[in-house]
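Encoded as structure tokens, the structure appears first; notes follow it.
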Amino acid sequence: MQLMSGNEAIAQGAWEAGARIGVAYPGTPSTETLECFAKKEGVYAEWCVNEKVAVEVGIGASAAGARVLSTMKHVGVNVAADPLFTAAYTGVGGGFVILAADDPGMYSSQNEQDSHYYAQAAHIPMLDPANSSEALSFTRDAYDLSEQFDLPVMIRSSVRISHTKTMVEPGERKEVDLVPYEKSPAKWVMMPAFAKPRRKDQLHRIDLLREWVETCSYNRVEKKKKDLGVICSGAVYQHVIEALPEASVFKLGVTWPLPKQALTSFAESVDNLFVIEEASEYLHNAVCALGIHVDDLPYPLPRDGELSPGLIKKAFGASIPAHHEAPADIPNRPPALCPGCPHRVVYKELSRIKAIVTGDIGCYTLGALPPLSSVDTCVDMGASVSMAHGMELALSGTEHRPIVGVIGDSTFAHSGLSSLISTVYNQGSGTICILDNRTTAMTGRQGNAFNGETLQKRPSRELDLEGVIRSLGVEDVSTIDPYDVKAVRSALKAATTNNVLTVLIFRHPCVLLERHFEAPLAVNGNCIACGSCTAIGCPALEKSIDGPAKINPTLCIGCGQCQQYCPTNAIERITNA
């Protein structure tokens with residue numbers, strides 16, 4: 001027995017099942033799954049440019065007979081939905097398992113969607129583990145289920161399952177031969193003539209799946225008191241059994257399709273039946289759709305965020321234990337760009353010219369927070385480029401502030417490239433800033449197409465970012481060192497006043513990537529407490545109420561950004577002399 005997180009356990013389960021290939025785009029809380037899988041013996045794993053491509057690579061590998069694991073966070077399922085829905089028609093060759101890691105509470109996401117709805121809409125079976133042990137066993141078994149029912153299988157995780165460690169019993173790898181590939185256009189070519197009969201075949205497979213789920217061992221009834229029955233799944237199950245130790249519980253391990261007869265029998269065995277889930281109404285509505293009466297909770301649960309045993313107790317009328325409220329005057333500690341982050345000067349200068357900044361997903365989203373307060377929008381991967389074009393269209397012919405789209409190198413490869421193609425095709429104008437920090441930073445510094453680093457450190461090639469952009473027809477392309485304040489200021493001024501489409505590439509490695517620090521800086525007696533340095537928002541800079549600024553030497557990496565903003569030469573480098 002050993003401790004594993006849910007992500008580690010899913011990787012272990014896929015490996016034990018004989019999965020040969022892993023494909024993903026990194027996204028919290030799913031990222032570590034493929035990183036763990038990539039370290040296993042006898043597997044191939046890669047970061048793809050986005051989740052749609054990952055699923056398409058997975059379908060191809062499955063069609064050729066290999067068992068495949070594809071992982072993504074919940075918003076990645078949106079990107080992968082196109083091939084995913086059709087894969088439910090084609091079915092599989094080798095078993096194909098897809099992890100969808102949800103994020104109730106939005107700890108690292110822009111929304112709180114529930115991936116159950118994708119399984120329901122695509123008609124793909126979904127397994128919902130409640131701890132790491134189940135994450136391992138459900139994933140391992142999912143490959144047999146995938147091949148048995150000729151369907152991809154989704155494993156749904158959440159941030160608690162993905163990142164909490166519980167005991168598991170790892171096993172040995174089962175070597176599985178490739179399923180022999182046979183040419184079959186009726187199965188794999190989804191043009192209408194083949195898709196129509198394949199749809200009927202899919203419905204037959206779903207009927208078989210509904211029969212199987214009625215006696216599936218992943219669903220478990222824990223009979224206790226008759227007066228209180230609860231239906232739940234996943235991490236919520238752990239909260240339910242702690243909050244309501246006397247309740248009878250139907251723990252769902254398969255959340256699509258639901259076992260109608262088994263749930264009906266459970267409902268008839270209890271006096272009062274409740275459905276408990278977090279940040280969603282999927283399970284409640286799905287149970288009611290089976291014709292099963294569900295009682296209203298005595299007191300409603302929150303409609304958003306994660307649940308806890310305390311919240312569940314409160315919903316059933318229990319009093320909250322005595323506790324002290326947090327003092328109202330405790331300062332907030334919002335996330336911040338790291339000391340020396342190469343994005344900081346770009347955002348400071350965008351703020352200085354009062355640009356409308358359409359942002360994107362990544363570390364640079366933090367440019368929305370004070371004191372930089374530069375980012376105006378952030379919707380999804382690649383939206384910065386498209387939204388900047390949309391704003392230019394809407395404000396064309398009017399006097400308006402500069403419009404600048406800001407996107408990272410990995411996000412540009414993910415979906416910004418297609419947005420830029422559309423802008424070029426439609427002869428759009430404006431300014432796009434690509435903040436190229438040589439990595440996929442926010443999810444843990446993974447490789448991407450534009451830094452050429454692969455997941456398993458295989459020989460690769462670094463794509464020519466400037467060359468790719470110029471090949472699209474963008475003539476005004478420049479590369480700037482974002483540590484050079486004057487160069488950044490000059491480039492932005494020229495780009496936002498020239499009325500043509502301009503792409504500025506601000507290239508400098510993430511400070512956590514190379515960790516090459518200079519001697520720290522310090523404030524000397526020339527400081528006039530003007531606040532010019534602290535306005536860039538570096539965590540190493542401290543502003544006194546009445547006195548001069550201070551630099552924390554344990555945080556300062558000596559990047560020199562603040563030094564360039566000081567009007568009195570009050571910041572100097574500490575030397576050993």
Side-chain angles (χ1 to χ4, degrees), residues 26-29 31-32 35 107-110 331-352 357 359-375 378 384 406-412 433-448 450-451 453 480-485 487-488 505-523 531-543 549-566 571 573-574:
T28 305
T31 306
E32 300 86 359
E35 290 178 329
Y107 291 99
S108 58
S109 307
Q110 67 268 42
N332 288 328
R333 296 188 65 185
L337 297 171
C338 298
C341 176
H343 304 334
R344 181 170 280 108
V345 169
V346 177
Y347 277 131
K348 173 62 179 174
E349 292 304 307
L350 286 170
S351 179
R352 193 184 65 83
V357 177
D360 227 296
I361 306 297
C363 291
Y364 36 88
T365 307
L366 300 176
L369 302 177
L372 296 171
S373 302
S374 298
V375 177
C378 179
S384 58
V406 177
I407 190 169
D409 50 320
S410 181
T411 313
F412 183 72
C433 296
I434 300 177
L435 306 186
D436 182 2
N437 61 3
R438 318 306 297 147
T439 190
T440 311
M442 182 165 271
T443 54
R445 302 183 299 282
Q446 292 80 21
N448 64 67
F450 288 118
N451 73 4
E453 181 179 316
I480 305 100
D481 179 0
Y483 274 14
D484 187 335
V485 173
V488 172
I505 301 169
F506 294 98
R507 178 170 293 139
H508 195 285
C510 170
V511 294
L512 300 180
L513 195 64
E514 294 189 348
R515 298 183 182 272
H516 175 67
F517 301 160
E518 301 290 340
L521 300 165
V523 178
S532 295
C533 61
T534 55
I536 68 173
C538 178
L541 286 159
E542 302 172 3
K543 184 176 182 180
K550 298 179 181 179
I551 296 177
N552 186 333
T554 63
L555 293 177
C556 179
I557 70 164
C559 68
Q561 294 180 24
C562 60
Q563 191 175 31
Q564 297 176 73
Y565 280 103
C566 179
I571 299 175
R573 194 170 303 280
I574 299 174

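Just so it is clear, the values below take in all heavy atoms, side chains as well, and ignore hydrogens, waters and symmetry mates.
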Going by atom types only, do Ser108 and Thr28 share a side-chain donor-acceptor pair under 3.5 Å? no
Does a side chain donor of either Thr554 or Asn552 reach within less than 3.5 Å of an acceptor in the other side chain? yes
Atom pair [atom1]/[atom2] of [X] and [Y] - distance to nearest 0.5 Å:
| X | Y | atom1 | atom2 | answer |
| --- | --- | --- | --- | --- |
| Tyr347 | Ser373 | OH | OG | 12.0 Å |
| Phe412 | Leu435 | CZ | CG | 12.0 Å |
| Asn448 | Thr440 | CG | OG1 | 4.0 Å |
| Thr439 | Phe450 | OG1 | CZ | 14.0 Å |
| Lys543 | Thr534 | NZ | OG1 | 4.5 Å |
| Arg344 | Lys348 | CZ | NZ | 11.5 Å |

Kindly assign one of parallel, tilted or perpendicular to the pair His343 and Tyr364, based on the angle between their ring planes and the thresholds 30° and 60°. perpendicular
Within the structure provided, determine whether [X] and [Y] are in side-chain contact (heavy-atom separation under 4.5 Å).
| X | Y | answer |
| --- | --- | --- |
| Leu512 | Cys338 | yes |
| Phe506 | Val345 | no |
| Cys533 | Ile571 | yes |
| Ser374 | Ser351 | yes |
| Val523 | Lys550 | no |
| Cys562 | Ile536 | yes |

Without swapping roles, check the side chain of [X] against the backbone of [Y] for a donor-acceptor pair under 3.5 Å.
| X | Y | result |
| --- | --- | --- |
| Tyr107 | Pro29 | no |
| Thr411 | Ile361 | yes |
| Asp360 | Ser384 | yes |
| Asn451 | Arg438 | yes |

Name the residue from Cys510, Pro482, Cys363 that meets the side chain to side chain contact (heavy atoms under 4.5 Å, CB included) definition with Pro342. Pro482
Identified side chain to side chain contact (heavy atoms under 4.5 Å, CB included) counterpart of Cys378 within the set Val406, Thr365, Val357: Thr365
Would you list the pairs meeting side chain to side chain donor-acceptor pair (under 3.5 Å) in which at least one residue belongs to residues 557-566, sequence neighbours left out? Glu349-Tyr565
Under the salt bridge (Lys or Arg N to Asp or Glu O under 4.0 Å) rule, collect the residues that match up with Glu35, sequence neighbours excluded. none
Trace of the side-chain contact (heavy atoms from CB on, under 4.5 Å) decision for Leu372 with Leu337: CA-CA 10 Å; Leu372 296 171; Leu337 297 171; 4.0 Å; yes
How far apart are the closest heavy atoms of [X] and [Y], and which atoms are they?
| X | Y | value |
| --- | --- | --- |
| Ala336 | Pro539 | CB-CG, 4.3 Å |
| Pro334 | Leu369 | CB-CD1, 4.2 Å |
| Leu521 | Gly558 | CG-CA, 4.4 Å |
| Gly340 | Ile557 | CA-CD1, 3.6 Å |

Looking at residues at least two apart in the chain, or sitting in another chain, which of them share a side-chain contact (heavy atoms from CB on, under 4.5 Å) with Ala540? Cys538, Leu555, Cys556
Single hit among Asp436, Asp484, Asp481, Asp409 for salt bridge (Lys or Arg N to Asp or Glu O under 4.0 Å) with Arg507: Asp436
